[in-house]
Amino acid sequence: MRGDHAVVRPVREADLEAVLELALRGGNGLTSLPPDRAAIARRIAAAERAMEDERARAEGAPIMLVTEIGGRVVATGMIFARIGAEWPFYSYRITRQAAVCRALARSKAQRLLNLVNDFDGETEVGGLFVDPRMRGMALGQVMARSRYLFMASHRHWFGNHVIAELRGYQDGEGRSPVWEAIGRHFYEMEFGEADRIGAIHGNQFIADLGARYPIYISMLPPAAQAALGRPHDDGRPAHAMLLEEGFRDEGYVDIFDGGPTLVAEIDRVQTISTSRSAVFLGDRAGGAPALIAAGQAHDFRLVRGFATLDGAGLQLDPESAHVLRVSPGDMLRLAPIKGRLQ
């Protein structure tokens, strides 16, 4: 068996140093995984509770998955079963308001930013990060899609909708035009500091200090207007993957940097809707490329391998079966990587 087989599994307490190293490589832009030892230790402890305690999930504890290659953690991905539990989940929603003056025979439509909590109680995917030294292996796609297969395997843990927040656009000097136009005036701090406070201490300060009334977009500088709903250049591949999965842009943006927040019905997410559950029959060489998941909760494991599916059940290439530690009769869930399973 090759020693470089990528395996996705739930995070463990022993992964603290490896996850911290990834967070440090990600920097402050990775708000779901702040580069702070104590914050990551708390997040890992909460993630372990989320695997066994429904109340912990309902209170906002994250589910954290990691990709391991040769015993080294090289990627992370997260699912928040319920957002807006500990603190309200804030977004701006872009709306349109029309005005008509009949005396002047003139009409004018304005776009506004409205502070909303529309996603409280829904599910969120985030925290997707791949060690830059491991890029080019499609690990980002595997890590992203593994979250959806986990959701399909534990469907009753989650709500009806799932959202994904994307990091917003920054200029060549690393400045966020949206933060400079809006956030700085309310919070009187640098963008990185606000990001760090929200990631480590929660976002109650948003409600305490933030805008309380709609903001007219036409009054913002042109650079900020253009940045609303625009993902960071590094996030364009993730944005494309989300759209391929069936996520939609419904006009929600992040309150700090204006990055897009995409939304989908969970049961219509492509990986979930095309996944299949089948009994494992045994080893067989060949088959179609697929993501194959086994186990529940702490025992969840996922690999990228080859599968043959028919009316009787599922056969896997020997290496994938070995890595998943499955025996004939075990139930597996799989999703095609491309085309149809055969």
Side-chain angles (χ1 to χ4, degrees), residues 1-10 65-77 79 125 128-131 133-155 164 237-247 264 266-296 299-342:
M1 186 184 78
R2 298 195 318 270
D4 63 349
H5 207 105
V7 183
V8 179
R9 59 166 176 81
L65 304 176
V66 298
T67 299
E68 180 181 343
I69 298 180
R72 184 161 68 96
V73 172
V74 298
T76 64
I79 311 168
V125 290
L128 179 63
F129 183 71
V130 177
D131 188 329
R133 297 170 297 181
M134 304 300 292
R135 289 175 181 166
M137 300 173 60
L139 293 179
Q141 186 179 68
V142 172
M143 188 78 255
R145 297 187 70 196
S146 71
R147 299 174 303 184
Y148 308 131
L149 277 179
F150 185 95
M151 292 163 68
S153 298
H154 304 77
R155 182 63 187 87
H239 185 261
M241 281 195 296
L242 288 165
L243 294 178
E244 288 176 4
E245 286 286 350
F247 282 74
I266 287 181
D267 294 325
R268 293 190 177 184
V269 172
Q270 181 76 4
T271 294
I272 293 175
S273 65
T274 60
S275 70
R276 297 292 180 267
S277 181
V279 64
F280 176 55
L281 300 176
D283 300 350
R284 175 179 172 178
L291 297 178
I292 308 122
Q296 293 284 304
D299 296 325
F300 179 84
R301 292 171 72 82
L302 179 143
V303 298
R304 178 173 48 187
F306 296 91
T308 302
L309 180 65
D310 59 30
L314 173 69
Q315 294 172 298
L316 299 181
D317 66 280
E319 184 175 10
S320 294
H322 181 87
V323 173
L324 288 174
R325 305 169 187 166
V326 292
S327 302
D330 290 345
M331 291 299 298
L332 306 179
R333 181 170 288 275
L334 71 163
I337 289 180
K338 54 185 175 180
R340 297 175 61 86
L341 293 169
Q342 57 188 33

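Heavy-atom basis, side chains included; hydrogens, waters and symmetry copies ignored.
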Item checked: Residue pair Met241 / Gln141: nearest heavy atoms and the distance that separates them -> SD-CA, 3.7 Å
Margin query: Run Asp330 and Leu324 through side chain to side chain contact (heavy atoms under 4.5 Å, CB included) and show every step you take.
Written below: CA-CA 11 Å; Asp330 290 345; Leu324 288 174; over 6 Å; no
Check: Does the distance from a Lys or Arg side-chain N to an Asp or Glu carboxylate O, for Asp267 and Arg155, drop under 4.0 Å?
Finding: yes
Notebook entry, point to check: What's the spacing between Ile337 CD1 and Phe306 CZ if we round to 0.5 Å?
Noted result: 7.5 Å
Check: Roughly how far, to the nearest 0.5 Å, is CG of Leu309 from CZ of Arg276?
Finding: 8.5 Å
Check: Rounded to the nearest 0.5 Å, what separation is found between the CZ atom of Arg284 and the CG atom of Asp317?
Finding: 12.0 Å
Checklist line | Min side-chain heavy-atom separation Leu149-Ser275 under 4.5 Å | finding: yes
Notebook entry, point to check: Nearest 0.5 Å, what's the CG-OG distance between Leu65 and Ser146?
Noted result: 5.0 Å
Margin query: Which heavy atom of Ala293 sits nearest to which heavy atom of Leu302, and what is that distance?
Written below: CB-CD1, 4.0 Å
Check: In terms of side-chain heavy atoms, does Ser153 have a donor or acceptor partner in Gln296 at a distance below 3.5 Å?
Finding: no
Notebook entry, point to check: What distance do Leu291 atom CG and Tyr148 atom OH have between them, rounded to the nearest 0.5 Å?
Noted result: 12.0 Å
Check: Is Val269 close to Met151 at the side-chain level, that is, under 4.5 Å between some pair of heavy atoms?
Finding: no
Note to self: With heavy-atom distances below 4.5 Å as the criterion, would you say the side chains of Glu244 and Thr271 are in contact?
What the structure shows: no
Next item on the list: With the side chain counted from C-beta on, respond yes when Ser277 and Arg333 share a heavy-atom pair under 4.5 Å apart, and no when they do not.
Entry: yes
Check: Going through the distances and angles, do Leu128 and Arg147 end up as a side chain to side chain contact (heavy atoms under 4.5 Å, CB included)?
Finding: CA-CA 10 Å; Leu128 179 63; Arg147 299 174 303 184; 4.0 Å; yes
Next item on the list: Evaluate the criterion side chain to side chain contact (heavy atoms under 4.5 Å, CB included) for residue pair Met134 and Thr67; output intermediate values, then yes/no.
Entry: CA-CA 11 Å; Met134 304 300 292; Thr67 299; over 6 Å; no
Next item on the list: Might you point out which heavy atoms bring Val279 and Ala312 nearest each other, and give the distance in Å?
Entry: CG1-O, 3.5 Å
Item checked: Heavy-atom closest contact (Val74 atom, Leu139 atom, distance) -> CG2-CD1, 4.0 Å
Note to self: If you compare all heavy atoms of Leu334 against all heavy atoms of Ala307, which two are closest, and at what distance to 0.1 Å?
What the structure shows: CD1-CB, 3.6 Å
Item checked: Atom pair CD/OG of Glu245 and Ser273 - distance to nearest 0.5 Å -> 8.0 Å
Margin query: Please verify the inter-ring angle class for Phe150 with Phe300; under 30° counts as parallel, over 60° as perpendicular, anything in between as tilted.
Written below: perpendicular
Check: What heavy-atom pair brings Arg304 and Met137 nearest, and what distance separates the two atoms?
Finding: NH1-O, 3.2 Å
Next item on the list: Report yes if some heavy atom in the side chain of Gln270 is under 4.5 Å from a heavy atom in the side chain of Arg145; otherwise report no.
Entry: no
